[in-house]
Amino acid sequence: MTGAEGQDGARPGATAPRWSRAALAAMIGGAIAVAIAFGVRQSMGVFTQPVSLEIGDGRAAFAFAIALQNLLFGVAQPFVGAIADRWGAGRVMVAGAALYALGLTIAAMAQDPLGLHVSLGVLVGLGLSGTTYVTVLGVVGRLVPPERRSIAFGLVTAAGSFGMFAMVPGAQGLIDWLDWRGALWVMVVLVSVLAATALGVRGRSDNPAAGSGELGFRATLALAARYRSYWYLVAGFFVCGFHIAFVAVHLTPYLTDGGIGLDVAVQALALIGLANIAGSYLFGQWGQRHSKRLLLAGIYAARGVTIVVFVLVPLSEATALAFGLVFGFLWLATVPLTSGLVATMFGTRYLSTLYGFVFFSHQVGSFLGAWLGGIAHDALGSYDAVWWASVALALFAAAIHWPIREVPAGLAERRPVPA
């Protein structure tokens, strides 16, 4: 099945219905939320060197804090998604913003690696689980019509991507002006704004827009547990997390180690955010009309090729910026496609919960990508081993998406469906 007609219920030639006011409010509020939450999170790479120099213990201590953040972000995600489905995303957003701000506050006062691990690792990780895509897209998926779901996911992801483009150079400017502790204090204020976005991001699984006739919570989880295509999606998203965390945390020091100026390294990260806006939007559009699994396979394969070229070509300012543009185009383009596939398989009633389990796998990959990058550098003196591991994982992810079935899970169990 290659078109969106069979996947999301649209009829060929049909005019897609307009978005409701509630859907628009959720999309706008959600975009602002993820722009702030992910913008701050993705700027952590520019903190690697100043924090490591002051706190000590090499880069491994800071890398472990970010790795722990990613792991707890993922571990909490299915539970947070279930709470959002049951009690409403607005409450989850407020609680997540509070934990996020508290974590940054403690980080700004940290004096040792343990302080970093508790603040940037535990508290920020838990805060992120309530303020990002799983919570937001669960609401958006229930409020928009199926004919526009992939497009809506792409728009929210693209708008949220602007946060990385703006925040990375902004964070570096704040560090230059106020040092890294002062920069974190400014981010505390910024993250506090997240609570206001809860006014737009509201909705529970009993929202009428979720549709009737969908399975109950336990039956849906049982169906997901035995549906092979869902597990393929879980495995593939692990690779996405590994790539993103490794590049976000270690690209800046990798470039500066190679003689590239810090300003260019920051520009490369900013270009990832800029290109990601286009990539997320376009893949959201393409996912409405074409096979999501094949698009995902293409994204992962393209990531592998991009890394091979980047590692083999002599490092320069031009190659650093080119890598930022190309890899950025593929950065979060997986989000609208992956979340769209979960909605296709199981509907939207428990989308936050089921996407939360997929995202948990993503964050396990993120934990390993961030942590192993620091371990490899301190042990081997370079990041080469992790770059090549990233290539191997990209090929694995491209292959694992091919057998995915893009139909409702119940239908796939009743009759064979060609891959």
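Keep in mind the model is a prediction, meaning the values are calculated, not measured.
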Engineer: Less than 4.5 Å apart, any side-chain heavy atom of V407 and any of T344?
Structural biologist: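 No. Closest side-chain heavy atoms not under 4.5 Å.
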Engineer: Got a donor-acceptor contact below 3.5 angstrom from the S119 side chain to the I106 backbone?
Structural biologist: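 No, S119 side chain to I106 backbone: no donor-acceptor pair under 3.5 Å.
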Engineer: So, for A275 and G324, which heavy atoms are closest and what is the spacing to 0.1 Å?
Structural biologist: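 Reported closest heavy-atom pair: CB-O, 4.4 Å.
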Engineer: Given Y254 and W387, is the ring-ring contact (aromatic ring centres under 6.0 Å, His included) satisfied, shown in steps?
Structural biologist: CA-CA 11 Å; Y254 172 77; W387 281 119; 5.3 Å; yes
Engineer: I want to check something: taking the side chain as every heavy atom from C-beta on, are V168 and T252 in contact at a cut-off of under 4.5 Å?
Structural biologist: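 No, their side chains stay 4.5 Å or more apart.
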Engineer: Taking the ring centre of each residue, are F242 and F367 less than 6.0 Å apart?
Structural biologist: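 No, too far apart.
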Engineer: Indicate yes or no for a side-chain donor-acceptor contact from T135 to the backbone of A89 under 3.5 Å, with no hydrogens or angles considered.
Structural biologist: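 Answer holds: no.
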Engineer: Quick one: closest heavy-atom pair of T306 and L330, and the distance?
Structural biologist: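 So the two residues come closest at OG1-CD1, 4.2 Å.
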Engineer: Should the ring pair F64 and W371 be called parallel, tilted or perpendicular, given that the plane angle runs from 0 to 90° and is split at 30 and 60?
Structural biologist: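 Perpendicular.
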Engineer: Classify the angle between the aromatic ring planes of F246 and H250 as parallel (below 30°), tilted (30 to 60°) or perpendicular (above 60°).
Structural biologist: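 F246 vs H250 ring planes: tilted.
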Engineer: Is the backbone N or O of V335 less than 3.5 Å from a side-chain atom of T338, with the two atoms forming a donor-acceptor pair by type?
Structural biologist: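 Not confirmed, T338 side chain does not pair with V335 backbone.
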Engineer: Just do the ring-ring contact (aromatic ring centres under 6.0 Å, His included) check on F73 and F359 with the steps written out, would you?
Structural biologist: CA-CA 9 Å; F73 182 8; F359 203 81; 5.0 Å; yes
Engineer: Taking the side chain as everything from C-beta on, heavy atoms only, tell me whether W402 gets closer than 4.5 Å to L294.
Structural biologist: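 Touching, per the 4.5 Å side-chain cut-off.
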Engineer: Taking S361 for its side chain and V234 for its backbone only, find out whether a donor-acceptor pair lies under 3.5 Å.
Structural biologist: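 Checked: pair present.
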Engineer: Between H117 and A61 (side chain of the first, backbone of the second, donor and acceptor by atom type, cut-off under 3.5 Å), is there such a pair?
Structural biologist: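 Judged by distance alone, yes, a pair lies under 3.5 Å.
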Engineer: Any non-hydrogen side-chain atom of V191 less than 4.5 Å from a side-chain atom of T131?
Structural biologist: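 Counting from C-beta outward, V191 and T131 never come under 4.5 Å.
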Engineer: Search all heavy atoms of L255 against all heavy atoms of A265 and return the closest pair with its distance.
Structural biologist: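 Minimum heavy-atom contact is CD1-CA, 3.8 Å.
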Engineer: Please test L120 against L104 for side chain to side chain contact (heavy atoms under 4.5 Å, CB included), starting from the C-alpha separation and ending with a verdict.
Structural biologist: CA-CA 7 Å; L120 293 180; L104 292 175; 4.1 Å; yes
Engineer: State which residue, out of T105, L123, I36, V40, fulfils the side chain to side chain contact (heavy atoms under 4.5 Å, CB included) condition with Y100.
Structural biologist: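 Considering T105, L123, I36, V40, a side chain to side chain contact (heavy atoms under 4.5 Å, CB included) with Y100 is found only for V40.
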Engineer: The criterion is salt bridge (charged side-chain N to carboxylate O under 4.0 Å, His left out); which residues satisfy it with R181, sequence neighbours excluded?
Structural biologist: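 Listed in chain order: E54.
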Engineer: Could you list the residues that satisfy salt bridge (charged side-chain N to carboxylate O under 4.0 Å, His left out) with D263, not counting sequence neighbours?
Structural biologist: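 For D263, no residue satisfies salt bridge (charged side-chain N to carboxylate O under 4.0 Å, His left out) once neighbours in sequence are set aside.
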Engineer: Should we count CZ of F162 as having more than 12 external heavy atoms under 6.0 Å?
Structural biologist: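 Counting neighbours around CZ of F162, 12 or fewer heavy atoms of other residues, nucleotides or ligands fall under 6.0 Å, so no.
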Engineer: Dump the intermediate steps for side chain to side chain contact (heavy atoms under 4.5 Å, CB included) on R303 and I299, then the final yes or no.
Structural biologist: CA-CA 6 Å; R303 284 186 183 183; I299 287 172; 4.1 Å; yes
Engineer: Atom CG in L155, atom CZ in R148: separation rounded to 0.5 Å?
Structural biologist: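 Spacing of CG (L155) from CZ (R148) equals 9.5 Å.
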Engineer: I need the L295 CG to L341 CG distance, nearest 0.5 Å.
Structural biologist: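 Interatomic distance, L295 CG to L341 CG, rounded to 0.5 Å: 9.5 Å.
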Engineer: How far apart are the C-alpha atoms of Q77 and T353, what are their side-chain angles, what is the distance that settles it, and do they pass the side chain to side chain contact (heavy atoms under 4.5 Å, CB included) test?
Structural biologist: CA-CA 8 Å; Q77 200 67 87; T353 305; over 6 Å; no
Engineer: Would you check if the side chain of Q172 reaches a backbone N or O of V266 as a donor-acceptor pair within less than 3.5 Å?
Structural biologist: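 Flag not set: sc Q172 to bb V266 has no pair under 3.5 Å.
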Engineer: Would you mind reporting whether L233 and L296 have side-chain heavy atoms less than 4.5 Å apart?
Structural biologist: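 Side chain of L296 against side chain of L233, heavy atoms only: contact under 4.5 Å found.
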Engineer: Take I175 and F47 through the test side chain to side chain contact (heavy atoms under 4.5 Å, CB included) and record every step on the way to the result.
Structural biologist: CA-CA 8 Å; I175 291 172; F47 287 86; 3.9 Å; yes
Engineer: Can you label the angle between the F329 ring and the F283 ring as parallel, tilted or perpendicular, going by 30° and 60°?
Structural biologist: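 F329 vs F283 ring planes: tilted.
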Engineer: Check whether Q363 reaches the backbone of L71 with its side chain - one donor and one acceptor, N or O, closer than 3.5 Å.
Structural biologist: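 Absent.
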Engineer: Can you list every pair that meets side-chain hydrogen bond (donor to acceptor under 3.5 Å, both in side chains) and has a residue in residues 274-283, with sequence neighbours left out?
Structural biologist: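 Qualifying pairs, neighbours excluded: S161-N276, N276-S280, Y281-Q285.
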Engineer: Can you label the angle between the F237 ring and the H362 ring as parallel, tilted or perpendicular, going by 30° and 60°?
Structural biologist: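 Answer is tilted, since the angle falls between 30° and 60°.
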Engineer: If every non-hydrogen atom of E406 is compared with every non-hydrogen atom of K292, which pair is closest and at what distance?
Structural biologist: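 Closest approach of E406 to K292: OE1-N, 2.9 Å.
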Engineer: Hey, does V311 have a side-chain heavy atom less than 4.5 Å from the side chain of V391?
Structural biologist: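 Heavy-atom side-chain distance check fails, nothing below 4.5 Å.
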Engineer: Taking all non-hydrogen atoms of both residues, which atom of I404 and which atom of R293 are closest, and how far apart?
Structural biologist: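 Closest pair (atom of I404, atom of R293, distance): O-CD, 2.9 Å.
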Engineer: Out of curiosity, L53 CG to T48 OG1, how far, rounded to the nearest 0.5 Å?
Structural biologist: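 Answer rounded to 0.5 Å: 10.5 Å.
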Engineer: Would you say H377 and Y383 are linked by a side-chain donor-acceptor pair, where the criterion is simply a distance under 3.5 Å?
Structural biologist: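 The criterion, which ignores hydrogens and geometry beyond distance, is not satisfied for H377 and Y383.
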Engineer: Do the non-hydrogen side-chain atoms of F346 and P408 ever get within less than 4.5 Å of each other?
Structural biologist: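 Contact flag for F346/P408 side chains = no.
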Engineer: Nearest 0.5 angstrom please: L354 CG to T220 OG1, how far?
Structural biologist: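 Reported to 0.5 Å precision, the distance equals 6.5 Å.
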Engineer: Quick one: does R91's side chain have a donor or acceptor within less than 3.5 Å of a partner on W87's backbone?
Structural biologist: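 The answer is yes, because a donor-acceptor pair under 3.5 Å joins these two groups.
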Engineer: With rounding to the nearest 0.5 Å, note down the distance linking CD in Q49 to CH2 in W180.
Structural biologist: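 Going from the CD atom of Q49 to the CH2 atom of W180 covers 14.5 Å.
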Engineer: Any side-chain heavy atom of F62 within less than 4.5 Å of one from I55?
Structural biologist: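 Counting from C-beta outward, F62 and I55 never come under 4.5 Å.
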Engineer: Rounded to the nearest 0.5 Å, what separation is found between the CG atom of L190 and the CE atom of M187?
Structural biologist: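 Answer for the CG-CE pair, L190 versus M187, is 8.0 Å.
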Engineer: For G236, does its backbone N or O pair with a side-chain atom of Y300 as donor and acceptor, under 3.5 Å?
Structural biologist: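 Side chain of Y300 to backbone of G236, a donor-acceptor pair under 3.5 Å: yes, one is there.
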Engineer: Where do A248 and W331 come nearest, in terms of heavy atoms and distance?
Structural biologist: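 Shortest heavy-atom separation between A248 and W331 comes out as N-CH2, 4.0 Å.
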